[in-house]
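This report refers to the structure that appears directly beneath it.
Lettering follows sequence order; numbering is per chain, from 1.
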Amino acid sequence: MPKPPVLTPQATDFPKWYQDVVSKAELADNGPVRGTMVIRPWAYGIWEQLQGQVDRRIKGAGAQNAYFPLLIPASYLQKEAEHVEGFAPELAVVTQGGGKELEEPAVIRPTSETIINSYFAKWINSYKDLPLRINNWSNVVRWELRPRLFLRTTEFLWQEGHTAHATADEAQGYAVGILEDVYRQVIVDVMGIPVIPGLKTDKERFAGAIRSWTVEGMMGDGKALQMGTSHELAQNFAKAFDIRFQDQNGEMQHPWQTSWGVSTRLLGAAIMVHGDDHGIRLSPRLAPTQVVVMQLAEDEPVAEAARATVQELLARGVRVELDDRVDRGFGRRATDWELKGAPVRIEIGKRDIEGGVATIADRVDRSKGPVPLTELVARTIEVLDGQHQRLYDEALTRRTERTVDVATVDEALEAAGSGFARIPWAILGVEGEEALAKQGVTVRCLVAADGGLPEPGADDLVAVVARAY
RNA sequence: CGGGGAGUGGCGCAGUCUGGUAGCGCACCCGGCUGGGGGCCGGGCGGUCGCAGGUUCAAAUCCUGUCUCCCCGACCA
C-alpha cells in the first residue's frame, strides 16, 4: 500500500518542502534563540566535506588559516564609514561582562574585516610582507529579521579570507582567482551545481568594497541564491586602519585588499538544487557517506555478506556505512537514507544471498536492481562515478530552460516569476534595478555579453535578474 | 515596524462557539510476530492546556492584561 508522501511535494509548496526535508532528513533544528540553528550530524558531515574541499583550495591559493576573536571593540566597526552603515542594523552587541557594564561595548563579529585589518596594520611594514593572505574559519552573527535554516540564520558558519597586496591589479586578480578557482570549482566540481560567476551591482555590493564578485546558483524553484562572494576592498580598510608598507622606492603606500567567503548557506543550495520529492540528493563528492550497506534480515550469512561488502568498499576508499538496524522496518530505513540523499544504497537480504547477488539502489534516479556479488564493488563504484555529472546536467538543463533573454523591465519581471532573465545592463540601468527591486526582483550579477566573467568597466554587460533567497 | 495566523504530552492536531476536571495520530518504552519501500498485534510512559489576574460551585473553554512563536512584506553570506 502506498503511504502518503513523507514530504510536501515541491510542486505543491516549495518552501514547505524545504522545511519538511530539513526536518525529516535530520539536517537541522531551530535553536532556542530566534534565528539560531542546530546543525545535526548529517548536515554537519556535508559541511565538513565542503570545508575540506574549500580549505585545500584556499591553501592552494597561498592563504594560511588563523583565528581572530569573536568579540570586536564596537569602535572598530566605526572606522570604515560604509562598512558601519551596512552592518549597524544587524549587530549583536555585548554591553556587560563579568557582571559589570563594559567600558566599551563589544560587538559579536558580523564579519572580521575590522579586527583582522587592525592586525594587518601591525604585521605589514614592507613590500616584503606582501601579499599577506589569511583565512579564518569561524561563526558570525548578523541579526536577521527573517531567518531560514541554512539560507539566512542569525549565526552561521563560514570562512572569511582577507588579503593585502602591493597593487590594485594583483588584488583584483586574487579576488577573481578565489571566485573562479576556489568557489566556482567547489560548487561545480564537488556539489554538482552550475553557477554564474559575475559582478555585483553597486546596490548589491559588500559594504566597504569597491567591487563584489559573486557566484549565483538557481534553486529548484527557479529562485537565485548567492553562493559565494569575493570582494575588492581597494584601500578603504587600509586607510581606515592605517595599514601601510614601504615599497621598493622607499615610499609609504596603502596595500590593496580583498575579502571573500562561503558559508553554511551552501548547504541550503545543496538541498534546494538537487532535492526531489523523496529528499535531498548528494553528489558522491559531497556526501559524508557515499554508500550505505543495508543488512535486511537478522541472519548470520546476510550479516556477514553485508560486513564483507563494507570492508571491500572501505578498501577501495569509499565512504561507506553499515546499516544493520534490523529491528526497524525496511521501509523506514530505506526512506531515511533516501531523505538524507546517500548516493548509493546496497541492500543485502536472504533472497540476494541465495541468488548470489545484492541490490544496488541509485539515489539520483531511484533505480534499483540486482548485481552479482562478484561485481558488486566494481558496479557500485561505477554508479558513484556517474552520479555527479548526472546531477550537474539535470541542474544545468533546468537553469537553461528557465533562463530567458529579455529587452524590457516588464519582460524581466515576468521571466523572474519562474527563473532568470538576462537583460542588457545598458537597458536596465540603476533606475531599472530600482523598479525591479520594488517587485522583489534583484540583479543577481552582471556578466559579459558571452556569459563569462565581465571586465569591470565594460559597456556591454548583461544583468542576470531573478527573485532570490 | 505593517498585514495575517497560532500557543493543549517530544512532534502534528481535535476539544474552546454551547464551562463539568483532557483526547487522537506519530514518536518513545516493553513483549511477541514480522522483515525486499515509512510493518502488525497487545500492553505502557508522558500534559498544572504560553503566562498573570478575574468571573464561577466548577475554566483549556468566558473576561482583562501580557508574553512568545510562525507566515507574508521592508534589511541581508
Any idea which of B:G36, B:G37, B:C71 is nearest the A:Q19 side chain?
B:C71
Picking from B:A77, B:G37, B:G36, the nucleotide nearest the side-chain atoms of A:Q226 would be B:A77
[M] and [N], which share atom name [atom1], separated by this distance in whole Å:
N     : M     : atom1 : answer
B:U21 : B:G15 : C1'   : 14 Å
B:C45 : B:C30 : C1'   : 10 Å
B:A6  : B:A14 : C1'   : 15 Å
B:U68 : B:C29 : P     : 36 Å
B:C67 : B:C24 : P     : 36 Å
B:U56 : B:C62 : C1'   : 10 Å
B:G19 : B:C63 : P     : 12 Å
B:G46 : B:G9  : C1'   : 5 Å

Return the residues of [range] meeting this criterion: a heavy atom under 4.0 Å from some atom of RNA chain B. Order them by number, or give none.
range                       : result
residues 45-69 of chain A   : none
residues 216-225 of chain A : none
residues 258-290 of chain A : A:S263, A:R265
residues 352-366 of chain A : A:D352, A:T359, A:R366

Evaluate side-chain contact (heavy atoms from CB on, under 4.5 Å) for A:R390 paired with A:D362, printing each intermediate quantity in order.
CA-CA 12 Å; A:R390 287 154 64 207; A:D362 178 343; 2.8 Å; yes
Within-4.5 Å side-chain heavy-atom neighbours: A:R265 and A:Q226
yes
Within a strict 4.5 Å, meaning less than it, do heavy atoms of the A:L132 and A:T163 side chains meet?
no
Nucleotide [N], atom [atom2] - distance to [atom1] of [X] in whole Å:
X      : N     : atom1 : atom2 : answer
A:L151 : B:C75 : CG    : P     : 18 Å
A:Y469 : B:C75 : OH    : P     : 18 Å
A:E26  : B:C11 : CD    : P     : 15 Å
A:L149 : B:C71 : CG    : C1'   : 15 Å
A:E90  : B:C76 : CD    : C1'   : 5 Å
A:D20  : B:C11 : CG    : P     : 16 Å
A:K368 : B:G37 : NZ    : C1'   : 6 Å
A:L91  : B:C76 : CG    : P     : 13 Å

Touch class at under 4.0 angstrom, heavy-atom based, for [X] against every strand present:
X      : value
A:K24  : base
A:T153 : base
A:E298 : base

Less than 6.0 Å separating the ring centroids of A:F206 and A:F87?
yes
Contacts of A:W213 meeting ring-ring contact (aromatic ring centres under 6.0 Å, His included) (sequence neighbours excluded), chain-then-number -> none
Kindly write out the residues that satisfy ring-ring contact (aromatic ring centres under 6.0 Å, His included) with A:H162, not counting sequence neighbours, or none if the list is empty.
none
Starting at the 5' end of RNA chain B, write a dot or bracket for each base, bracketing those in Watson-Crick or G-U wobble pairs whose two distances are under 3.5 Å and using | for partners on another strand.
((((((((.[[[[.)....(..]]]].((((((.....)))))).....[[[[[..)....]]]]])))))))....
Go nucleotide by nucleotide along RNA chain B from the 5' end; which of A:R333 and A:L339 gets its closest nucleotide reached first?
A:R333
Which is more 5' along RNA chain B, the nucleotide nearest A:L7 or the one nearest A:G228? Just name the residue.
A:L7
Is a donor-acceptor pair below 3.5 Å formed from side chain A:R345 to base B:G37, judging by atom type as modelled?
yes
Distance-only donor-acceptor test (3.5 Å): side chain A:R142, base B:C76:
no
Hey, is A:F330 stacking on B:G39? Ring centres under 5.5 Å, planes under 30°.
no
Nucleotides 72-74 of chain B: which of its N/O atoms have a protein N/O under 3.5 Å away?
| from | atom 1 | to | atom 2 | distance (Å) |
| --- | --- | --- | --- | --- |
| B:C72 | OP1 | A:R146 | NH2 | 3.0 |
| B:C72 | OP2 | A:R146 | NE | 3.1 |
| B:C72 | OP2 | A:R146 | NH2 | 2.6 |
| B:G73 | OP2 | A:R146 | NH1 | 2.6 |
| B:G73 | OP2 | A:R146 | NH2 | 3.4 |

Contacts of type side-chain hydrogen bond (donor to acceptor under 3.5 Å, both in side chains), residue A:R333, not counting sequence neighbours:
A:D323
Atom pairs under 3.5 Å, N or O on each side, protein against nucleotides 41-47 of chain B: can you list them with distances?
none

For residues 67-76 of chain A, which side-chain donor-acceptor pairs fall under 3.5 Å, sequence neighbours excluded?
| from | atom 1 | to | atom 2 | distance (Å) |
| --- | --- | --- | --- | --- |
| A:Y67 | OH | A:R109 | NH1 | 3.3 |
| A:Y67 | OH | A:R109 | NH2 | 2.8 |
| A:S75 | OG | A:E104 | OE2 | 2.7 |

Rounded to the nearest 0.5 Å, what separation is found between the CD atom of A:E48 and the CG atom of A:L286?
12.0 Å
In Å and rounded to the nearest 0.5 Å, what is the CG to CZ distance from A:L339 to A:R281?
13.5 Å
Any protein N or O atoms within reach of nucleotides 26-28 of chain B? Criterion: under 3.5 Å, listing atom names and distances.
| from | atom 1 | to | atom 2 | distance (Å) |
| --- | --- | --- | --- | --- |
| B:C28 | OP1 | A:R328 | NH1 | 3.3 |
| B:C28 | OP1 | A:R328 | NH2 | 3.3 |

Would you please say whether a donor-acceptor pair under 3.5 Å links the side chains of A:D20 and A:T8?
yes
